[in-house]
Amino acid sequence: MAKRFSELGIKQQDDRKIFNCQQVSITDVLNSEIEVIDFIPGMKTQHGEGRYLIKFTQDGTEGKFFTNSSAIKSVLDQIPKEEFPFITTIRCTKCGNGKIYQFT
């Protein structure tokens, strides 16, 4: 009988974090309180490179969304890892032809 991969004792080489939860749009969590659990910087998506993948909980349900918001990315880079998780609300402000997403 063939062995299961899990029985071989081999550790995966790719040690990147993977958030195993439902992906949503940032607009799905706008103006409502979320708890930011973790994030992965420098992700490449179909929309480009340098995106951040943010893992959160809302009303007891885990989720994740991608963002390229420079304001959110800058803030996340400044928060020490020991300060996670934290509670915030994401607000959107129109600025010219674009939108600015920020934690509040």
Side-chain angles (χ1 to χ4, degrees):
M1 184 171 184
K3 289 184 178 180
R4 294 187 177 278
F5 176 77
S6 60
E7 296 173 328
L8 299 177
I10 298 172
K11 184 173 177 7
Q12 296 279 354
Q13 290 296 319
D14 189 351
D15 62 353
R16 289 182 299 179
K17 288 186 268 187
I18 298 173
F19 298 149
N20 190 13
C21 51
Q22 181 179 358
Q23 183 175 326
V24 301
S25 169
I26 192 171
T27 57
D28 293 336
V29 296
L30 276 182
N31 304 314
S32 56
E33 200 170 78
I34 62 171
E35 182 177 16
V36 176
I37 299 169
D38 201 357
F39 72 98
I40 303 172
M43 300 288 290
K44 183 177 181 180
T45 71
Q46 64 190 20
H47 301 291
E49 297 183 17
R51 270 51 178 172
Y52 279 31
L53 181 60
I54 299 174
K55 182 179 181 183
F56 69 94
T57 59
Q58 184 179 38
D59 301 324
T61 303
E62 288 189 341
K64 62 186 174 185
F65 63 87
F66 285 97
T67 184
N68 196 33
S69 164
S70 57
I72 289 178
K73 293 186 332 183
S74 172
V75 168
L76 286 171
D77 289 339
Q78 296 174 57
I79 299 173
K81 284 294 183 191
E82 62 270 11
E83 296 297 328
F84 284 81
F86 63 91
I87 295 171
T88 188
T89 301
I90 299 174
R91 305 274 187 219
C92 178
T93 306
K94 290 186 178 178
C95 181
N97 292 334
K99 296 176 183 174
I100 298 174
Y101 294 101
Q102 295 177 303
F103 288 146
T104 58

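The first residue in the sequence is number 1, and the count goes up from there. When reading the values below, keep in mind they use all heavy atoms of this one structure, side chains included, and skip hydrogens, waters and symmetry mates.
- Considering only residues two or more places apart in sequence or on other chains, S32 meets the side chain to side chain donor-acceptor pair (under 3.5 Å) condition with Q58.
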Audit row: I26, I72, side chain to side chain contact (heavy atoms under 4.5 Å, CB included) steps and yes/no: CA-CA 11 Å; I26 192 171; I72 289 178; 4.1 Å; yes
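- A search for ring-ring contact (aromatic ring centres under 6.0 Å, His included) contacts involving Y101 returns nothing, not counting sequence neighbours.
- Side-chain contact check for F19 versus I54: every heavy-atom pair is 4.5 Å or farther apart.
- Looking at C95 and I100, their side chains come closer than 4.5 Å, going by heavy atoms from C-beta outward.
- Shown here is Q22, whose CD atom has no more than 12 heavy atoms of other residues, nucleotides or ligands within 6.0 Å.
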Checking side chain to side chain contact (heavy atoms under 4.5 Å, CB included) for the pair V24/F56: CA distance, chi angles, key distance, verdict? CA-CA 10 Å; V24 301; F56 69 94; 3.8 Å; yes
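- The main-chain N or O of R4 is found under 3.5 Å from a side-chain atom of E7 such that the two form a donor-acceptor pair.
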Go through the steps for R51 and T67 under the test side chain to side chain contact (heavy atoms under 4.5 Å, CB included), then give the verdict. CA-CA 6 Å; R51 270 51 178 172; T67 184; over 6 Å; no
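- Looking at residues two or more places apart in sequence or on another chain, you find a side chain to side chain contact (heavy atoms under 4.5 Å, CB included) between E62 and C21, I37, K55, T57.
- The distance from the CG atom of N68 to the NE2 atom of H47 is 10.5 Å, given to the nearest 0.5 Å.
- Checked against side chain to side chain donor-acceptor pair (under 3.5 Å), D28 has no partners two or more places apart in sequence or in another chain.
- Of the candidates I87, T88, T89, T88 is the only one forming a side-chain contact (heavy atoms from CB on, under 4.5 Å) with F103.
- For F65 against I90, the heavy-atom pair with the smallest separation is CZ-CD1, 3.5 Å.
- In this structure, T104 has no side chain to side chain donor-acceptor pair (under 3.5 Å) partners at least two apart in sequence or on a different chain.
- Taking all atoms of both residues into account, the shortest heavy-atom contact from K81 to D38 is NZ-OD1, 3.5 Å.
- Counting only residues at least two apart or on different chains, no salt bridge (Lys or Arg N to Asp or Glu O under 4.0 Å) pair has a member in residues 90-104.
- Contact annotation: the side chain of F84 approaches that of L76 to within less than 4.5 Å [non-hydrogen atoms, C-beta and beyond].
- Annotation: side chain to side chain contact (heavy atoms under 4.5 Å, CB included) contacts of Q46 (sequence neighbours excluded): none.
- K44 meets the side chain to side chain contact (heavy atoms under 4.5 Å, CB included) test with E49; sequence neighbours excluded.
- Residues satisfying the side chain to side chain donor-acceptor pair (under 3.5 Å) test with Y52, not counting sequence neighbours, are D77.
- Atoms OG and CD1, on S74 and I79 in that order, are 9.5 Å from each other to the nearest 0.5 Å.
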I would like to know whether L8 and K3 meet side chain to side chain contact (heavy atoms under 4.5 Å, CB included); could you show each step before the answer? CA-CA 7 Å; L8 299 177; K3 289 184 178 180; 4.0 Å; yes
